[in-house]
Protein chains: 2
Amino acid sequence: MSQTRERLPAQVAAGSPGAGGSEGSVSSGRPAGAARPPGRPRSERADKAIVEATVDLLAEEGGVAGVSIEAVAARAGVGKTTIYRRWPNKEALIIDALAALKEPFPAPVGASVREDLIAIAQAFVSNKTDKKRLDCYWSIMGGAERYPELMARFTREVIEPRRDVIRTVLRRGVTAGELRPDLDVETALWLIMGALAQRARAFGAGPVPDDFAARVVDALMTGIAAR
Amino acid sequence: MSQTRERLPAQVAAGSPGAGGSEGSVSSGRPAGAARPPGRPRSERADKAIVEATVDLLAEEGGVAGVSIEAVAARAGVGKTTIYRRWPNKEALIIDALAALKEPFPAPVGASVREDLIAIAQAFVSNKTDKKRLDCYWSIMGGAERYPELMARFTREVIEPRRDVIRTVLRRGVTAGELRPDLDVETALWLIMGALAQRARAFGAGPVPDDFAARVVDALMTGIAAR
DNA sequence: TCGATACGCAACGGTCCCGTTTCGCTATGA
DNA sequence: TCATAGCGAAACGGGACCGTTGCGTATCGA
């Protein structure tokens, strides 16, 4: 219990010699000028395998509780020791692993706001990587109150950047006169994101049809009221 | 360890002889004309305590995995035996317990579709019972793939009836000419339900403001496009 | 070659929970 | 008064997982 395990900072540094430091590498995180420590360097391959196995399990098992260190180790083909050398416990591992879901989708700049929104929405519910991201989303949201730090980080690094892409498109639409000048951007965000996330997880509704993104965007654009 | 388990009062008021509990009661569910079986009757009080503890735990623990039979027993103040006498395992217990969340909110018939939708939406995100229901929703959805039967039953008995209330209001609006004649009802449903569910669970966004329901309905009614 | 460290693997003691059984007691009808 | 069955408490064997440790091996710099 007294064992003080080295807590790795979330900072990233370029690798120096031999080890081609890639982004987000947990093992090579050390100041740029520092000398390489003695001994065998940590395996970047193990790093990646662990993080990928963690994310996969989180998506598949439908909950933080379903992710066990032993299952991650087995799936990644590494020993538990190798995991505990890097992270102090399960929550820390999952928090770090979420970085793997970080990269935002680019904001398309098409002919119109409508087209941009549809493109984003389509990527949101159909893209293969985003499928995993959505599964992780539901897994994490389910156990939200249990792991507030996990929630906070996931919200900050994964959810918000995505909301921001849409937010930007909406604001651009207002400026360009394509959307109402008095548009309630945040409410519109809840509507579109909510519809997509819910539909993607709906039970018994089958896979999301190809035209769902367009239907959502059009319904939101034109409104449901008679005119 | 202290067994601080709360004990139920020794004298448990069971139902009057022969007058078995009406619907849904697990313990007294037997054909109307059948004679009461010999021996001590099952405690209705224990039934209710178990179901309530189950639902509470499901809502609080944020996942099916967080609900353990031992925790339910402790919380309900009953022995594990009493639970296993009624249900064969955890999933069966949870499935049955969901019936406690069943009763639908009534469809209000106000002056307009807009008012009806706002009333429903407001109840959805603010009502106290619905808060627990929403927590259970997220808990169950998170572990969806793990417990398909649970998902199916929850969808059928809790989610769909609620969707149906809104669906009816929307259809009525179309008939009454208040909504577009070519309205895509299902897509509108995804939009409104998704926005409410998402917002209610949003991290760091604080409690749902009083006017959120109205904002969502109005945004959906009038659309976001300039006109 | 040598020291240092990481590796995978296996095993450990500990905790939690499962589903079952036994115990002594209590509630009910015959 | 007796048979029957539910009650809570406690204990059991079994399994999953935790976080730790020791082992023999692999890989680095000096």
Side-chain angles (χ1 to χ4, degrees), chain A residues 1-6 15-19 25-28 30 34-47 49-50 57 61 63-93, chain B residues 1-20 25-28 30 35-47 49-50 53 57 61 63-94:
Chain A
M1 183 132 315
S2 49
Q3 190 57 276
T4 309
R5 194 168 284 276
E6 206 178 0
S16 9
S25 167
V26 178
S27 60
S28 60
R30 105 188 139 262
R36 169 202 274 272
R40 178 177 173 175
R42 292 192 181 166
S43 159
E44 283 189 43
R45 176 175 183 152
D47 280 352
I50 292 168
L57 278 172
E61 296 297 320
V64 178
V67 180
S68 74
I69 298 282
E70 304 203 321
V72 171
R75 182 148 181 159
V78 305
K80 280 200 293 175
T81 337
T82 303
I83 298 179
Y84 280 112
R85 198 173 287 119
R86 291 160 162 79
W87 295 276
N89 55 52
K90 183 168 74 178
E91 190 173 356
L93 165 60
Chain B
M1 284 305 231
S2 57
Q3 52 272 32
T4 15
R5 186 158 301 176
E6 277 181 54
R7 225 173 148 215
L8 285 171
Q11 66 281 18
V12 175
S16 46
S25 168
V26 178
S27 60
S28 56
R30 72 176 175 279
R36 169 201 274 274
R40 178 177 174 176
R42 292 193 180 165
S43 158
E44 283 189 40
R45 176 168 183 155
D47 279 353
I50 292 168
L57 278 172
E61 295 297 320
V64 177
V67 180
S68 73
I69 297 283
E70 304 203 321
V72 171
R75 182 149 182 158
V78 304
K80 281 199 295 174
T81 335
T82 304
I83 298 179
Y84 279 113
R85 198 172 287 118
R86 292 160 163 78
W87 293 277
N89 55 53
K90 183 168 73 176
E91 190 173 354
L93 164 61
I94 296 181

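By convention in this document, chain letters (A, B, ...) are assigned in the order of the sequence lines, proteins followed by strands, and residues within each chain are numbered from 1.
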Worksheet item: Reckon Arg42(B) has a side-chain N or O less than 4.0 Å from the OP1 or OP2 of dT26(C)?
Response: no

Discussion item. Whole angstroms only, please: what is the CD1-P distance between Ile50(B) and dG8(D)?
Written reply: 7 Å

Discussion item. If I take atom CZ in residue Arg45(A) and atom P in nucleotide dT27(D), what distance separates them, rounded to the nearest angstrom?
Written reply: 12 Å

Practice prompt. Measure across Val78(B) and Ala46(B) and return the closest heavy-atom pair with its distance rounded to 0.1 Å.
Written response: CG1-CB, 4.1 Å

Fill in: Nearest atoms (heavy-atom pairs only) where Ile83(B) meets Ile69(B)
CD1-O, 3.9 Å

Discussion item. Do the side chains of Asp47(B) and Arg42(B) get close enough for a salt bridge, i.e. N-O under 4.0 angstrom?
Written reply: no

Practice prompt. Would you name the heavy atoms of Ala49(B) and Ala76(B) that are closest together and state the gap between them?
Written response: O-CB, 3.5 Å

Worksheet entry | Closest-nucleotide 5' rank along DNA chain D - winner of Pro38(B) and Ile83(B) | Pro38(B)

Worksheet item: If you take all heavy atoms of Val64(A) and Lys90(A), which pair is closest and at what distance?
Response: O-NZ, 3.5 Å

Item to complete: Only counting residues at least two apart or in another chain, list the ones meeting salt bridge (Lys or Arg N to Asp or Glu O under 4.0 Å) with Arg75(A).
Response: Asp56(A), Glu60(A)

Worksheet entry | Result of checking Thr81(A), Ile50(A), Leu93(A) against Arg86(A) for side-chain contact (heavy atoms from CB on, under 4.5 Å) | Ile50(A)

Item to complete: Look at Arg85(B) and dC7(D) and indicate whether a side-chain polar atom (N or O) is within less than 4.0 Å of OP1 or OP2.
Response: yes

Worksheet item: Mapping Ala46(A) and Pro88(B) to their closest nucleotides on DNA chain C, which lands nearer the 5' end?
Response: Ala46(A)

Item to complete: Kindly say whether, by distance alone, the side chain of Thr81(B) makes a donor-acceptor pair under 3.5 Å with the base of dA9(D)?
Response: yes

Any protein N or O atoms within reach of nucleotides 23-25 of chain D? Criterion: under 3.5 Å, listing atom names and distances.
none

For nucleotides 16-18 of chain C, list the nitrogen or oxygen atoms of the protein found under 3.5 Å from its nitrogen or oxygen atoms, one pair per line.
from: dC18(C); atom 1: OP1; to: Ile69(B); atom 2: N; distance (Å): 2.9
from: dC18(C); atom 1: OP2; to: Ile69(B); atom 2: N; distance (Å): 2.9
from: dC18(C); atom 1: OP2; to: Glu70(B); atom 2: N; distance (Å): 3.1

Worksheet item: If you pin Gly39(B) and Gly77(A) to their nearest nucleotides in DNA chain C, which one's is more 5'?
Response: Gly77(A)

Worksheet item: Please give, in whole Å, the distance from dG19(C) C1' to Leu93(B) CG?
Response: 14 Å

